[in-house]
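Each remark here refers to the structure printed beneath this line.
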Amino acid sequence: MTSSTASTGGLFDTPFSIGATVLAAVAALVGVLFAWTGYSAAGTDEATAALPLLGFELNILTGFVGLLFAFGIALVALVAALYMEPGFGE
């Protein structure tokens with residue numbers, strides 16, 4: 001095998017893949033936070049809730065949209081971490 005096909009890469013091989021993996025994990029957690037905050041607002045009389053640090057008012061629909069947006073970012077970052085090849089430094 002040649003050197004370009006011998007290494008398949010991984011989540012913790014290069015600094016870029018480590019950073020992309022961390023970004024994917026943080027984005028997934030933020031997505032779950034958005035969804036949970038929007039879901040918890042559905043049972044209240046006000047029908048809105050606020051994120052603890054950001055203060056955005058969320059309902060169940062905006063919480064779900066935030067979940068999908070954050071999971072999309074997490075998916076792109078995870079794919080980049082898995083398949084991005086080392087650059088000119090190697």
Side-chain angles (χ1 to χ4, degrees):
M1 296 182 107
T2 63
S3 65
S4 64
T5 59
S7 65
T8 58
L11 294 178
F12 300 106
D13 287 346
T14 63
F16 175 80
S17 64
I18 292 170
T21 303
V22 169
L23 176 67
V26 169
L29 289 175
V30 167
V32 170
L33 177 68
F34 266 91
W36 179 257
T37 306
Y39 174 75
S40 67
T44 62
D45 293 334
E46 297 175 2
T48 60
L51 287 174
L53 298 175
L54 301 176
F56 296 128
E57 291 185 0
L58 298 174
N59 57 21
I60 195 162
L61 180 63
T62 55
F64 185 70
V65 169
L67 170 79
L68 290 179
F69 186 72
F71 273 12
I73 291 172
L75 180 66
V76 169
L78 194 61
V79 168
L82 284 173
Y83 294 110
M84 185 69 73
E85 298 213 5
F88 295 111
E90 300 221 0

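Quick caveat, the model's predicted, so the values are computed rather than measured.
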For T37 against L33, the heavy-atom pair lying closest together: OG1-O, 2.7 Å
For a quick test of your reading: what N or O donor-acceptor pairs under 3.5 Å do the side chains of residues 20-28 make, sequence neighbours left out?
from: T21; atom 1: OG1; to: L11; atom 2: O; distance (Å): 3.2
from: T21; atom 1: OG1; to: S17; atom 2: O; distance (Å): 2.7

Heavy-atom closest contact (F71 atom, V32 atom, distance): CZ-CG2, 4.2 Å
Contact summary for I18 and F12, nearest pair of heavy atoms: CG1-CA, 3.7 Å
Contact summary for V30 and A70, nearest pair of heavy atoms: C-CB, 4.4 Å
Atom pair OH/CG of Y83 and L78 - distance to nearest 0.5 Å: 9.5 Å
hydrophobic_cluster_shared for W36 and I60, side chain cutoff 4.5 Å: yes
Joint cluster assignment, L61 & L67, ILVMFWY side-chain distance < 4.5 Å: no
